[in-house]
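All values reported here derive from a predicted model rather than from experimental measurement.
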Amino acid sequence: PPRTPPSSPPVPPPSPPPPSPPPSPPPPSPPPSGPPSEPPPSAPPSFPPPPSPPPFPSPPPEPPSPPEPPHVPPVPPRPPPPPPGGCTAPLASNFDSRAVRNDGSCLFVRQGCTNASALNYDPLANFGDGSCIQPVPGCMVWRAANFNPNATYQPPGDAGSCTFAIRGCTDSTAANYLSGALVDDGSCAYAEPAGCLVPQAVNFNTSARALLPGSCVFPLYGCLDSAAYNYVSAATASNVSQCLYLGCTDAGDANYDSSATTLDGSCASLSTRRTLAEANVTSNSTSPPSSPPPRPPP
């Protein structure tokens, strides 16, 4: 509770001033020695001084001011909460569509070989893609007799030592047979019989063991019927569907030819001739017009 200031003692009222004495009578004047003179003017009567006004009472002392409260600094307002954080990268595996602030927690998928014993092991891969290559020991020198085309590494020591041998033709019936060869290198050549070894050729020789350069004859397809319109005398293979036979193809015409496949204008009927003429006009109209002859000089 606030403290009550002590009360001051009452101030006594001021005492009134003492009364002034009455004025003394003037002394008697002497008798006149000479002729009588006019009496001196009388002095104005004196009045007592007015009493001094009583002093004003002093104002009462002001009560002491209450003590000031201790200074308390103002509390600053709280900042707004930060927006929700998360991974904002759409390509990351932990992408968060609700996050509006990237907090550095994105995880990206790296595909690769995750098997540490594989030859292509990727220590940064976090998703196995089945591309691991398991090591296969063997001789990797292709000139060696024990060359392993599936080997991925060559271990040191006896297990990985390559064995070198003479390579050549190991077929005793070949012309270039090499008796000391231990590894056949596919270089065998046969002198007889030689011929065309191409199955698409006309003179393909199934019994030939060697290819005779320039011996293959390839077919030339064409119409081999001399009665056909498009007969090809140099053709070596016949193609019946290519042969064209001209004649009247109208079965109701007097000149109808049952063997004809192409209309040639030999039909006697007017309708057939008109059809042929219209066909000629149509073919001529579709051809580009010829340029006009140049004008003669003036």
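- A pairwise comparison of heavy atoms in C169 and N176 identifies CB-O, 3.4 Å as the closest pair.
- Residues T114 and C132 come closest through the heavy atom pair N-SG, 3.9 Å.
- Formation of a donor-acceptor pair under 3.5 Å by the N146 side chain with backbone atoms of T163 is found in this model.
- For L263 against C248, the heavy-atom pair with the smallest separation is CD1-CA, 4.1 Å.
- In this structure, N115 CG and Y121 OH are separated by 9.0 Å, a value rounded to the nearest 0.5 Å.
- A donor-acceptor contact shorter than 3.5 Å links the side chain of N94 to the backbone of S105.
- Between V217 and C196, the closest side-chain pair of non-hydrogen atoms is not below 4.5 Å.
- When side chains are defined from C-beta on, N148 does not count as touching Q154, because their heavy atoms never get closer than 4.5 Å.
- Side chain of T262 to backbone of L246: no donor-acceptor contact under 3.5 angstrom is found.
- A 6.0 Å sphere centred on CD of Q134 holds more than 12 heavy atoms belonging to other residues, nucleotides or ligands.
- Residue Y229 places its OH atom among 12 or fewer non-hydrogen atoms of other residues, nucleotides or ligands, all under 6.0 Å distant.
- Note that CG of D184 is 10.0 Å distant from CG of L178, once rounded to the nearest 0.5 Å.
- Taking all atoms of both residues into account, the shortest heavy-atom contact from S93 to V109 is CB-CG2, 3.9 Å.
- When atom types are taken as modelled, the side chain of N205 and the backbone of L197 share no donor-acceptor pair closer than 3.5 angstrom.
- How far CG of D264 is from CG of N255: 9.5 Å, rounded to the nearest 0.5 Å.
- Atom CG of D171 sits about 9.0 Å away from atom OH of Y177, to the nearest 0.5 Å.
- No side-chain donor-acceptor contact under 3.5 Å links D257 to the backbone of G247.
- Shortest non-hydrogen contact noted between Q200 and F218 is O-CD2, 4.2 Å.
- Contact annotation: the side chain of F147 never approaches that of C162 to less than 4.5 Å [non-hydrogen atoms, C-beta and beyond].
- A distance-only check finds a donor-acceptor pair linking the side chain of N126 to the backbone of R110 [under 3.5 Å].
- N230 places no side-chain N or O within 3.5 Å of a backbone atom of C223 that could act as its donor or acceptor partner.
- Heavy-atom neighbours of R101 CZ from other residues, nucleotides or ligands within 6.0 Å: above the threshold of 12.
- Proximity of a side-chain donor or acceptor of N102 to a complementary backbone N or O of C87 within less than 3.5 Å is not detected.
- I133 belongs to a hydrophobic cluster with L119, counting contacts under 4.5 Å between side-chain heavy atoms of Ile, Leu, Val, Met, Phe, Trp and Tyr, direct or through other members.
- Using a 4.5 Å heavy-atom cutoff, the side chains of T88 and D96 are not in contact.
- Residues G195 and A208 come closest through the heavy atom pair N-CB, 3.6 Å.
- T261 places a side-chain N or O within 3.5 Å of a backbone atom of Y245 that can act as its donor or acceptor partner.
- Between the T152 side chain and the V136 main chain, a donor and an acceptor come within less than 3.5 Å of each other.
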